[in-house]
Amino acid sequence: MNRELTYEAVIGLEVHAQLLTASKIFCGCSTRFGEAPNSQTCPVCLGLPGVLPVLNKKAVEFAIRTALAVRGSIAAHSVFARKNYFYPDLPKDYQISQYELPLSTGGFVEINNNGMARRVRIRRVHLEEDAGKLLHAGTMDRAEYSLVDFNRCGVPLIEMVTEPDLRTPEAAAEFLKEFRATLQYLGVSQGNMEEGNLRCDANVSVRPAGSLELGVKTEVKNMNSFKNVQRALEYEIERQIRLLKSGQPIVQETHLWDATQGITLPMRGKEEAHDYRYFPEPDLVPLEISPAWVEEIAASLPEFPAERRQRFVQVYGLPEYDAAVLTASKALADFFEECTHRHRDVKLVSNWIMSELLGYLNREGKEITESPVTPAQLAGLLKLIQEGVISGKIAKVVFEAMYQTGKSPEAIIQEQGLIQITDQEELGRIVDQVLAENPGPVSDFRGGKEKALTALVGAVMRATKGKANPQLINDLLRERLARG
Ligand code: ADP
Ligand code: MG
Ligand code: ZN
């Protein structure tokens, strides 16, 4: 009997998201991205002595919105805590976070993993401040000096921690996408991993399949895309299984993902063996949240991705697949619905967005918000197909030009003379000419070879540069061929 063990992975995520408040969490400095280094700082966020933090109410509201979205239970009383550590991007030498009494505990996010709905339990959601940013000058091998930009210091973050409920790297990526979509629907964060306003640390361990005990975990940091989270986890799981199979122990440590090499590397030093000496933040009173305020926020929550997906199926009659693709981001779902307000054939709208528009955007790595084609223009194109002004085939040519130039479909059709030939007389002349020039297929067809018609249709299409209505060509050809 083969007694080789199979292993299963266990994954838990810690996600940080920058909140879209206008000002920082404990001072009035702007959170605007991309300003001159250190231009958005003050004595509070620079950690100068003698200053006091004042909590930003909007940040609390955004954290409550997020917690409600994951069905967490909001604490009426939560406490800020000092997390003490030294790092050059942290001028106070401590980060104000929440520890023993977080803003929210419990809840879940439902993900769709391989067609199966799966609940990932949430452990907590809390508020904290971001640190600054180090910029290292010099070469990869030799950092000559480092610069620090404190603009990000004190920008509000929510931290969301899951229970170790995920089992595959794919499910972890799926969870992150769902959570990001939720943040975007809520309007509380941009949720852009590439830009670093959504960050994820992945905790992962492996254990013999069927075992209920958790294995020793490692934590992987530094992934800046969903794809990289998935790749880093795949690598790390394989690495751990290899160690176990060769009888070596797994060391609980933090690894950094190196996307270029496609490997994870243990962080130098014992930086993770921290004792943060948490204690309640003496400069802030405990956070008291009234049930009335929570109710008010709950009443203002938008439709969530899962609900919108369901509505797309029920109200528009879209297949589950279309609904899932179209609600992947709020902006895309909005784009789709704007089109449907202008064009009633919902499935046609969905097909064009999914196969054409998303095809072009994905090839260029662009988001729907960067689409050169507006919903009104796409709906306009579909209307022209429906009215028979252009064929579906020509519409693809028109669409490409719309995408390249941003011009309206009417303008492109005009410029390129693409209007469908629906004039029977004009088309009849072309058909007669094609019949005269193709005696071979003509006699084949008359001899009973149905297939020969395809060649004749093709010839008419070429002669009209694709501008003729295929049905009409068919009718005219058959009519003439029958005449004998
Ligand atoms: P730490 O104290 O090291 O930060 P926590 O218990 O706070 O660990 O958990 C941090 C994250 O790691 C959570 O998302 C949790 O679900 C996950 N986690 C905890 N134990 C394991 C494990 N053995 N394997 C995988 N993930 C784990
Ligand atoms: Mg932790
Ligand atoms: Zn400040």
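Both ligands and their constituent atoms are indexed starting at 1 by order of listing. Just so you know, these numbers use all the heavy atoms, side chains as well, and skip hydrogens, waters and symmetry mates.
Because the distance cut-off is set at 2.8 Å, C29 qualifies as a neighbour of the Zn ion (ligand 3) through one of its N, O or S atoms.
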Decide side chain to side chain donor-acceptor pair (under 3.5 Å) for N38 and T41; before the verdict, give the C-alpha distance in whole Å, the side-chain angles of both, and the deciding distance to 0.1 Å. CA-CA 6 Å; N38 298 307; T41 54; 5.4 Å; no
Show your reasoning for whether side chain to side chain donor-acceptor pair (under 3.5 Å) applies to E337 and Y316. CA-CA 10 Å; E337 289 209 278; Y316 294 124; 2.4 Å; yes
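A cation-pi geometry, defined here as NZ or CZ lying under 6.0 Å from the six-membered ring centre and within 45° of its normal, does not hold between K396 and F399.
Here C45 contributes SG and C42 contributes SG, and at the Zn ion (ligand 3) these two atoms make an angle of 110°, given to 10°.
Looking at ligand 1, you won't find any N or O of I11 less than 3.5 Å from one of its N or O atoms. Considering backbone and side-chain atoms alike, E14 places every N or O at 3.5 Å or more from each N or O of ligand 1. Distances between N or O atoms of V216 and those of ligand 1 include no value under 3.5 Å.
Between the side chains of S246 and Q248, at least one donor N or O sits under 3.5 Å from an acceptor N or O. A donor-acceptor contact under 3.5 angstrom links the side chains of S300 and R65, judged on distance only. Side chains of Q240 and T218: a donor on one and an acceptor on the other come within 3.5 Å. Looking at N203 and E14, their side chains do bring a donor and an acceptor atom within 3.5 Å of each other.
Atoms of ligand 1 found under 4.0 Å from any heavy atom of R123, numbered from 1 in the order shown, are 5 (P), 6 (O), 7 (O), 9 (O), 15 (C), 16 (O). Within the listing of ligand 1, atoms 23 (N) sit less than 4.0 angstrom from a heavy atom of G215. For ligand 1 and E163, the ligand atoms under 4.0 Å from any heavy atom of the residue are 16 (O). Remark: ligand 1 atoms within the under-4.0 Å shell around heavy atoms of P164 are 16 (O), 26 (N), 27 (C). Taking every non-hydrogen atom of V10 and a distance limit under 4.0 Å, the qualifying atoms of ligand 1 come out as 24 (N), 25 (C).
Aromatic rings from F312 and F336 are positioned such that their centres are separated by under 6.0 Å.
For E219, the heavy-atom gap to ligand 1 stays at 4.0 angstrom or more.
Only the backbone of L13 comes within contact range of ligand 1, with a heavy atom under 4.0 Å; no side-chain atom does.
Within the 4.5 Å cutoff, side-chain heavy atoms of R199 are placed close to those of D130.
Considering each of T162, N203, V161, the one bringing a non-hydrogen atom nearest atom 15 (C) of ligand 1 is T162.
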